[in-house]
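Have a look at the structure below, then the notes.
What's counted below: heavy atoms across the whole structure, side chains too, no hydrogens, waters or symmetry copies. Below, read A as the first sequence line, B as the second, and so on, with proteins coming before strands; counting in each chain starts at 1. Fair warning: this is a prediction, and the values are worked out from it, not measured in the lab.
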Amino acid sequence: MDNQTIQNVGRRNFLKATGLTGGAFILGATLPMGCSVEETGAAQHEINFFVSIAKDGQVTIVNHRSEMGQGIKTSVPQIIADELEADWDLVSVIQAKGDAKYGPQSTGGSASIRTYFTYIRQMGATARDMLEQAAANIWKVDKSQVKAQGHAVLNLANGQTIGYGDLAIHAANLPVPEKDSVKLKDIKDFNLIGKDVKLVDLDTMVAGKMQYAHDIQLPDMLIASIERPPVVGGKVKSFDATEAKKVKGVVDVIRLKDRGLPSNLLPLSGVAVLATNTWAALQGRKKLKIEWDHGTLIDEGSNDYQQKLKEKVNTKGITVRNEGDIDNHQYNPDKTVEATYSVPYIHHASMETPAATAHVKGDTCTVWTGTQSPQRVQSQAAEEIGLSKEEVHKVEVNQTTMGGAFGRKSKGDFAIEAVELSKATGKPVKVVWSREDDVKHGFYHSVSANYFKAELTDNGSADNWVMRNAYPPISWLWNLEAEFPSDGALSLGYADIPFEIKNLNIEKHKVKSYVRPGWVRSVACINNGFALGSFVDELAVKAGISTHQMWLNLLGSDRMVDPSGPNFKYSNYGLDLKDHPIDTKRIKSLMNLLAEKAPINEETAEGEGWGISFLRSFGSFVAAATKARVVDNKVTILEMHTAVDCGIGVSPDRIKAQMEGAIVYSLSIALMGEITTKDGIVEQGNFHDYPVLRINQTPKMFVHLVESDAPPGGIGEPGVPPVIPSITNAIYHASGIRIRDLPVSKVLSV
Amino acid sequence: MIRLTINNKPVELDVEPDMPLLYALRDELQLTGTKFGCGSGLCGACTVHMDGQPIRSCVMPVSAVADKAITTIEGLSENADHHIQNAWREFKVPQCGYCQNGQMMSAAALIASNNNPSDEDIDSSMQGNICRCGTYQRIRQAIKTAAKNLREEV
């Protein structure tokens, strides 16, 4: 709470403090709950950075995390409102700008609630505490004699109440209580957390009025479309803009600066066509003549590259985690399963392509964009216009809701492009990415290979377990020497396997990188989860038992697993293992719930089969089941289930929505998504050659949510990793066709 | 100058005749509810109605919509209370919301021509609209409920 200030601000200052000045008329001054600033009428009193209360009792809560469809713009205010004892019908929500005063805003890793739950609760609890103190002062009683409830403070001695509207000005003038003196509510007293409240932007969205980065419009704005180097690290050798400039509406053609390698999260170079409308910019760009210097990152093609990764993981790597002695073991071929799995480059393909508007004026800059990392955009924009670290406040980053992100918009390269072009032209510039720009110049989930070998034991489990993986590490973005995944990356469903195995060797391999890697929804849990879930299924088939039983056998006794060792420090997604343990009992219980809810162990019709899998990731436990039919080499997905134990669930319907979305996202990855490269150039460009799941390919789906009062886990990503192998396992049990290389569409019609 | 009707209002557009309707709506008329998704008629985010039929505005030059009646999401209903919009709220369909304007325009056209669509009808009419958040199951449910409410109204 060190970053709080207490001030009594009038409406004008309130607007300034909460990001509704300046761009307000562009972004629309309508507050999301259908109540405009003008209508609230009364002065707003800022209790802390997150909570302001008007005289009429209307509470305004700031959501400081980035909304990309996961519902955080409801969930964060819902947590604050619960601790505040506020009436949800009297709450309006506004989106924070990028500003360090709110604490970390980078929204990724499914972290908003799992990492900041207590912090967010404290924001509400502090405001509640101050309202209680204000009421106690008025009644001249000790604070212990009053209690906040129902948007008012109650005098316990005489039953009198004072509403929040009347207390606001008094509370705003009080000193901030010490952090430790503020009591959080008892979990059993939550009255909003765990309930489905009205979603903050639902009405705006359904009215078609939600505004995204693409929708920003400013007077005299130029719209820019950029031709970028086909190969990462490439640059413009020469270009001719004569014809481009003849297109009606084209105002300027500007070469972007070469930034070299490592690529960081900054723009590639290229040539920008700036015009008064989008169509003119696109037409002008088509007429550019550019000669490229492709640079040094011309690869052998992703197919050959992937083949090399697969060969590599079939050789001994560097040990990450070792238990027992595996090196001298003689494997019995009749009881041994050995398999190599691969996943191609995968692209986010959010429906809204990247877009950003910037206006540089002198040594200040205003940005409007949808970013998962508004503070990074702020600091990179500051650097771009030559400001020092102490001057970042001269950059204002206005955050729009994102039309999907899935990790792509953790990188603010598109915003910095807008800043660079606004600085060059002196005008507000909106950079819009076409779908081809998005697909060809992404930050891809890395192409990967995972190897497994293990021997069945007499008790239906497995031992002498070897795992190896190889894929370009994300840290290469900053360090061209990076050749191995970090321990944090190896903690993603890989070296943290929770099985009771006596002899275990987990290894990593070094690789060379070409295209930009990036975080895609669930990151390396995609390939690690797919490989693990597939391998357990293969072991079960070899052992002649159900996959469900094989999971239970491998998990073994009830215990808390700590996978750290001399060569590996388990990161646990940044969570404390004491609060968020790898609890095998909890996993087994979830697998059993899945078996209870979905008829995974029952007989199926000819050509049909069930597949299951599990992965604990981002602090949550998710098990998945898929029923597939395979007839004449054509796959139909019939029914899917996920069972999720995420501890305390703040917004149950949004958890279900994220699980449904993860099913659809995973179906795309498993069945059809593949980015390939040739000579370092991405070959796909739009939804015809990078297909994603459509409604006619979508099965009926069920989400089973475990009620729990354990500390909350993440939700945006954990639904993905177990679903992918459940699909390929279902295909195996329907057809006998084992898919070890994604996507399924390589061998079967989908 | 191209004349047409947009959301029941006469409009004159002074733009290049090959400009797709999408950019005329968004850049010239500030009707930004119609979204860019692919620019190639592959994803449905830009769906509007032309004389009641769903079209992809990103591949429809304005010269081809002269004298036509265009309806965008802004003109689907007076108070966001079309049966489709009501059902979209009931099932909390949107996640990020970006594709939903196009989804709702396709769905509204579907129930206008078929007020009792089967799963197959829905799949067939809606497969041109991509949702990356994965709201398809709720879209199916919402369309069925909207169609039911429409039938009961008739």
Side-chain angles (χ1 to χ4, degrees), chain A residues 67-71 199 201-212 214-215 217 223 248-249 276-280 282-283 348-353 401-406 432 434-436 653-654 657-658 660-665 668 686-688 692-698 700-701, chain B residues 15-16 18-20 22-24 26-28 30 32-40 42-43 45 72-74 76-77 79-80 84-86 88-89 92-105 120 122-140:
Chain A
E67 176 62 60
M68 60 195 102
Q70 80 278 44
L199 296 173
D201 283 329
L202 182 62
D203 288 351
T204 311
M205 285 180 178
V206 171
K209 291 179 179 164
M210 198 71 216
Q211 290 190 295
Y212 303 86
H214 271 258
D215 303 332
Q217 300 193 327
I223 296 172
K248 190 180 165 192
T276 53
N277 67 73
T278 313
W279 181 242
L282 293 170
Q283 294 304 99
H348 311 81
S350 54
M351 286 312 297
E352 184 198 29
T353 58
T401 287
M402 286 170 273
F406 311 115
V432 293
S434 69
R435 178 58 62 191
E436 286 75 12
D653 179 72
R654 289 300 90 180
Q658 282 302 293
E660 292 162 9
I663 283 174
V664 170
Y665 208 83
S668 292
N686 209 318
F687 292 119
H688 65 289
V692 295
L693 201 82
R694 293 174 183 270
I695 195 169
N696 56 308
Q697 297 160 307
T698 303
K700 59 182 171 184
M701 55 186 81
Chain B
V15 300
E16 294 298 300
D18 64 346
M19 178 188 281
L22 171 69
Y23 300 115
R26 292 179 53 80
D27 292 347
E28 307 296 325
Q30 281 76 52
T32 54
T34 304
K35 302 301 185 198
F36 169 83
C38 69
S40 302
L42 297 167
C43 79
T72 69
I73 185 71
E74 289 90 348
L76 184 62
S77 63
N79 301 303
I84 285 292
Q85 289 169 303
N86 292 341
W88 245 246
R89 273 191 297 272
K92 299 181 180 179
V93 173
Q95 289 184 28
C96 84
Y98 190 81
C99 74
Q100 298 296 342
N101 299 347
Q103 301 277 3
M104 288 188 283
M105 294 308 285
E120 290 71 29
I122 292 171
D123 283 357
S124 165
S125 291
M126 300 299 295
Q127 65 177 280
N129 288 80
I130 294 173
C131 173
R132 281 292 275 163
C133 294
T135 63
Y136 297 131
Q137 173 155 287
R138 294 186 193 220
I139 285 173
R140 272 198 201 118

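When heavy atoms are compared at a cutoff of 4.5 Å, Ile223(A) approaches chain B solely by way of its side chain, counted from C-beta outward. The part of Ile139(B) that comes within reach of chain A is its side chain, from C-beta onward, which places non-hydrogen atoms under 4.5 angstrom from that chain. Thr401(A) touches chain B through its side chain: at least one heavy atom from C-beta onward sits under 4.5 Å away, while N, CA, C and O do not. Using a 4.5 Å cut-off between heavy atoms, Glu436(A) contacts chain B through its side chain alone, with no backbone atom that close. Using a 4.5 Å cut-off between heavy atoms, Met126(B) touches chain A through backbone and side chain atoms alike. Of the two parts of Asp18(B), the backbone and the side chain both hold a non-hydrogen atom closer than 4.5 Å to a non-hydrogen atom of chain A. Only the side chain of Glu16(B) comes within contact range of chain A, with heavy atoms under 4.5 Å apart. Contacts of Met68(A) with chain B are made by backbone atoms alone, with heavy-atom separations under 4.5 Å and no side-chain atom involved.
Counting only heavy atoms from C-beta outward, the side chains of Val432(A) and Phe36(B) never approach each other to under 4.5 Å. Here the side chains of Gln217(A) and Gln30(B) are in contact, with some heavy-atom distance below 4.5 Å. Looking at heavy atoms from C-beta onward, Asp215(A) lies in side-chain contact with Lys35(B) at the 4.5 angstrom threshold.
Remark: the backbone N or O of Tyr98(B) is not paired with any side-chain donor or acceptor of Glu352(A) at under 3.5 angstrom. Checked by atom type and distance alone, the side chain of Arg26(B) pairs as donor or acceptor with a backbone atom of His214(A) at under 3.5 Å. The backbone N or O of Gly39(B) sits nowhere less than 3.5 Å from a side-chain atom of Arg435(A) that would complete a donor-acceptor pair.
The shortest non-hydrogen separation linking Ser40(B) to Asn686(A) is OG-ND2, 3.4 Å. Across Met19(B) and Asn277(A), no two heavy atoms sit closer than the pair CE-OD1, 3.4 Å. Across every non-hydrogen atom of Gln95(B) and Gln658(A), the tightest pair is OE1-NE2, 3.2 Å. Nearest heavy-atom pair across Phe687(A) and Cys38(B) is CD1-CB, 3.9 Å. In terms of heavy atoms, Ile73(B) sits closest to Ala207(A) at CG1-O, 4.3 Å.
Atom-to-atom distance recorded for Met402(A):CE and Cys96(B):SG is 10.0 Å, nearest 0.5 angstrom. With rounding to the nearest 0.5 Å, the separation of OH in Tyr23(B) from CG in Leu282(A) is 5.0 Å. Atom SG of Cys43(B) and atom CZ of Arg694(A) lie 8.0 Å apart (nearest 0.5 Å).
Listed options Lys700(A), Glu660(A), Gln697(A) were ranked by heavy-atom pairs under 4.5 angstrom with chain B; first place goes to Glu660(A). Of the listed residues (Arg654(A), Lys209(A), Met210(A)), the greatest number of heavy-atom pairs within a distance under 4.5 Å of chain B belongs to Arg654(A). Between chain A and the residues Arg140(B), Met104(B), Gln100(B), the largest count of heavy-atom pairs under 4.5 Å involves Arg140(B). Interface check for chain A: of the options Gly134(B), Ala80(B), Cys131(B), the most heavy-atom pairs under 4.5 Å are formed by Gly134(B). For the set Val664(A), Thr698(A), Asn696(A), Ile695(A), the count of heavy-atom pairs under 4.5 angstrom toward chain B peaks at Ile695(A). In terms of heavy-atom pairs under 4.5 Å with chain A, the best-connected choice from Ala24(B), Gly37(B), Gly33(B) is Gly37(B).
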query: Are Arg132(B) and Ser668(A) close enough, and set up right, to give a side-chain contact (heavy atoms from CB on, under 4.5 Å), and what steps lead you there?
result: CA-CA 9 Å; Arg132(B) 281 292 275 163; Ser668(A) 292; 3.5 Å; yes

